[in-house]
Protein chains: 2
Amino acid sequence: MEPSRADAIPNPAVRRLSLYLRQLEAFRQHGRITISSRQLGQSVGSTDAQVRKDLAYFGQFGHPGIGYRVEELIAQVRRILGTDRTWNVLVAGAGNLGRALLAYRGFERKGFRLVAVFDSDPAKVGRKQGALTVQPMGELVATVRRDAIDLALLTVPASAAQEVTDCLVMAGIRGILNFAPVSIVAPRTVAVASLDVAVQLEQLSFQMNFARATRTAGA
Amino acid sequence: MEPSRADAIPNPAVRRLSLYLRQLEAFRQHGRITISSRQLGQSVGSTDAQVRKDLAYFGQFGHPGIGYRVEELIAQVRRILGTDRTWNVLVAGAGNLGRALLAYRGFERKGFRLVAVFDSDPAKVGRKQGALTVQPMGELVATVRRDAIDLALLTVPASAAQEVTDCLVMAGIRGILNFAPVSIVAPRTVAVASLDVAVQLEQLSFQMNFARATRTAGA
DNA sequence: GGATGTGAATGCATTCACAGCA
DNA sequence: TGCTGTGAATGCATTCACATCC
């Protein structure tokens, strides 16, 4: 079905897939039934050829003369990204950011369910955080296993990031989204992505100096 | 000094510059005086040649036989990124995320000072948020001018993102970091970067399906 | 010896442009 | 006619490898 060798697929293409999906969902909400590669590309600041090429890495989803059927393409892209299922996610770190993420009700619709929250601070353990209760780190392994948790949002302070990462890896987590402003190291069997606000601000700062705004394509 | 045409500089190089800076600050904290391109590259998961090439776009900062002086290179990179000064930043949207960002004390050190917060909800206006008081949107123009604010963190719901963006642009903001899970459009004179948690989770999801973890280089 | 800086070579990603289908 | 899918051509970014300097 898909090319079995994922390294044949340009990484930038996968990033754009997420953006296409976001736009497609917006188009669906507006009642669009079909959409051309040109329109989809324009909506994410890209070209028609780019859209077609990106999608073609994974199969033939379009209909010549018509374009792409919105509903159908959403399903395909979700399947490709692996969000045609629900991933269970934990939050490591019940600070301001962790709590803000827990309160956000938009992940479920995207295929991610926040099912647990952990903190090493005894003062925070036991507190209710929405529907969830903050658990001590000691329960990590058991909870990950019991609730079949695959992903972690790492929202601890920079100083604790690596230590907690190691715990997550031990517990069997397979993917980590790191919000701490440090690099973390994990075995290559564990997927890691990072999201550092300061880094993005620096990119903006640079763009503002050289007015040639090259527009950082969404992340 | 720098090449005057910023489009001669690969965009990925600028992104890596931020990561180098983060590592350099860590090395400084550990007391390192000099560092080689190899060591710096390794610390961000890159190669020595890549580091040298990236830096060489902006000048000659190294010392053959020695490497780079940490303190000196930090200063240079900050100058390149434009964070050798302090940018005044506002937060648009005093929801959970906005408040979490306001509470974070790490931006100042990086050259970004959060100086104002706005919300359209009358119930939130007037509330204290740390040192700041939530202001109504109507005061946007005046405050941006008075406090010389250049950058905005956009933390409003998706449904309001475009409308508030338009207000920010009107008020004279020159850069926007968008946390809402939608594309926003702004004049090309305004720098825009986006930071969508769901998008990053999707990238992780993809990586986890094709175990060939290509490791999303920090953002 | 141990580093940098940099042209040249390679490898990727994007764009072009067109055959083919509805 | 309108649109996709795709080889071929282009353009960018990364890597190599070496002259150069402390």
Side-chain angles (χ1 to χ4, degrees), chain A residues 1-3 5-20 24 27 32-70 72-73 76-77 80 212 214-217, chain B residues 1-3 5-17 19-20 24 27 32-70 72-73 76-77 80 203 212 214-217:
Chain A
M1 190 175 287
E2 266 89 52
R5 314 191 47 240
D7 47 36
I9 295 158
N11 237 289
V14 181
R15 262 179 286 151
R16 284 189 298 265
L17 235 41
S18 282
L19 302 184
Y20 299 155
L24 286 166
F27 280 119
R32 285 295 295 264
I33 302 302
T34 68
I35 190 156
S36 68
S37 56
R38 172 182 293 267
Q39 293 168 312
L40 182 52
Q42 192 168 281
S43 76
V44 305
S46 187
T47 68
D48 56 340
Q50 183 76 81
V51 170
R52 292 200 299 277
K53 187 64 95 175
D54 286 345
L55 295 174
Y57 286 117
F58 301 96
Q60 307 197 156
F61 310 128
H63 305 275
I66 304 294
Y68 300 85
R69 292 200 228 287
V70 173
E72 182 185 322
L73 190 52
Q76 292 289 355
V77 174
I80 294 164
R212 279 292 281 93
T214 324
R215 187 125 328 184
T216 308
Chain B
M1 193 178 287
E2 268 89 51
R5 315 196 46 240
D7 47 34
I9 296 157
N11 237 289
V14 181
R15 261 178 286 150
R16 284 189 297 265
L17 235 41
L19 302 184
Y20 299 155
L24 285 166
F27 280 119
R32 285 295 297 265
I33 301 301
T34 68
I35 189 155
S36 68
S37 55
R38 173 184 294 268
Q39 293 168 312
L40 183 51
Q42 192 168 281
S43 76
V44 304
S46 187
T47 68
D48 56 341
Q50 183 76 79
V51 170
R52 292 200 300 276
K53 186 65 95 175
D54 286 345
L55 294 175
Y57 287 118
F58 300 97
Q60 307 198 156
F61 309 127
H63 305 274
I66 304 295
Y68 301 86
R69 292 200 227 288
V70 173
E72 181 185 321
L73 189 54
Q76 292 289 357
V77 174
I80 294 164
Q203 299 299 303
R212 276 296 280 90
T214 324
R215 186 122 334 180
T216 307

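Naming convention: chains lettered A, B, ... in sequence-line order (proteins, then strands); numbering from 1 in each chain.
Taking atom CG of residue B:L73 and atom C1' of nucleotide C:dG5, one finds them 14 Å apart after rounding to whole Å. The distance between atom CG of A:D54 and atom P of D:dG5, rounded to the nearest whole Å, is 12 Å. Nucleotide D:dC21 holds its P atom 19 Å from the CZ atom of B:F61, rounded to whole Å. Spacing between atom CD of B:E72 and atom P of C:dT4 amounts to 13 Å, rounded to whole angstrom units. Atom P of nucleotide C:dG5 and atom CZ of B:R38 are separated by 16 Å, given to the nearest angstrom. Rounding to whole angstrom units, CD1 of residue B:I35 and P of C:dG2 are separated by 17 Å. Distance B:R15 CZ to D:dC12 C1': 13 Å, rounded to the nearest Å. B:D48 has its CG atom 12 Å from the P atom of D:dA17, to the nearest Å.
Listed nucleotides: D:dG2, C:dG7, C:dT4. Nearest to the side chain of B:Y68: C:dT4. Residue A:Q60 places its side chain closer to D:dG5 than to any other of D:dT4, D:dG5, D:dC21. For B:P64, the listed nucleotide lying nearest its side chain is C:dA3; candidates were C:dA3, C:dC21, C:dA13. Residue B:T47 has its side chain nearest to D:dT15 when only D:dT14, D:dT15, C:dA3 are considered.
Contact between the side-chain N/O atoms of B:R16 and the OP1/OP2 oxygens of D:dT14 is found at a separation under 4.0 Å. Between A:Q39 and D:dC3, a side-chain N or O to OP1/OP2 separation shorter than 4.0 Å is absent. Using a 4.0 Å cut-off, some side-chain N or O of B:Q50 falls inside it from OP1 or OP2 of D:dT15. Within the 4.0 Å cut-off from OP1 or OP2 of D:dC3, not a single side-chain nitrogen or oxygen of A:S36 is found. For C:dT4, the OP1/OP2 oxygens have a side-chain nitrogen or oxygen of B:R52 closer than 4.0 Å.
At least one side-chain heavy atom of A:Y68 sits less than 4.5 Å from a side-chain heavy atom of A:R52. The shortest distance between side-chain heavy atoms of A:L73 and A:F27 does not fall below 4.5 Å. Side chains of B:D54 and B:Y20 form a contact here, defined as non-hydrogen atoms less than 4.5 Å apart.
Projected onto DNA chain C by closest heavy-atom contact, B:I66 and B:A56 fall at different nucleotides, the more 5' of which corresponds to B:I66.
Within 4.0 Å of B:G62, counting heavy atoms only, lie sugar-phosphate atoms of the nucleic acid but no base atom.
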* Going through the checks in order, is the side-chain contact (heavy atoms from CB on, under 4.5 Å) test met by A:Y57 and A:L17? -> CA-CA 11 Å; A:Y57 286 117; A:L17 235 41; over 6 Å; no
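In this model, no donor atom of one side chain and acceptor atom of the other lie less than 3.5 Å apart for A:Q50 and A:T47.
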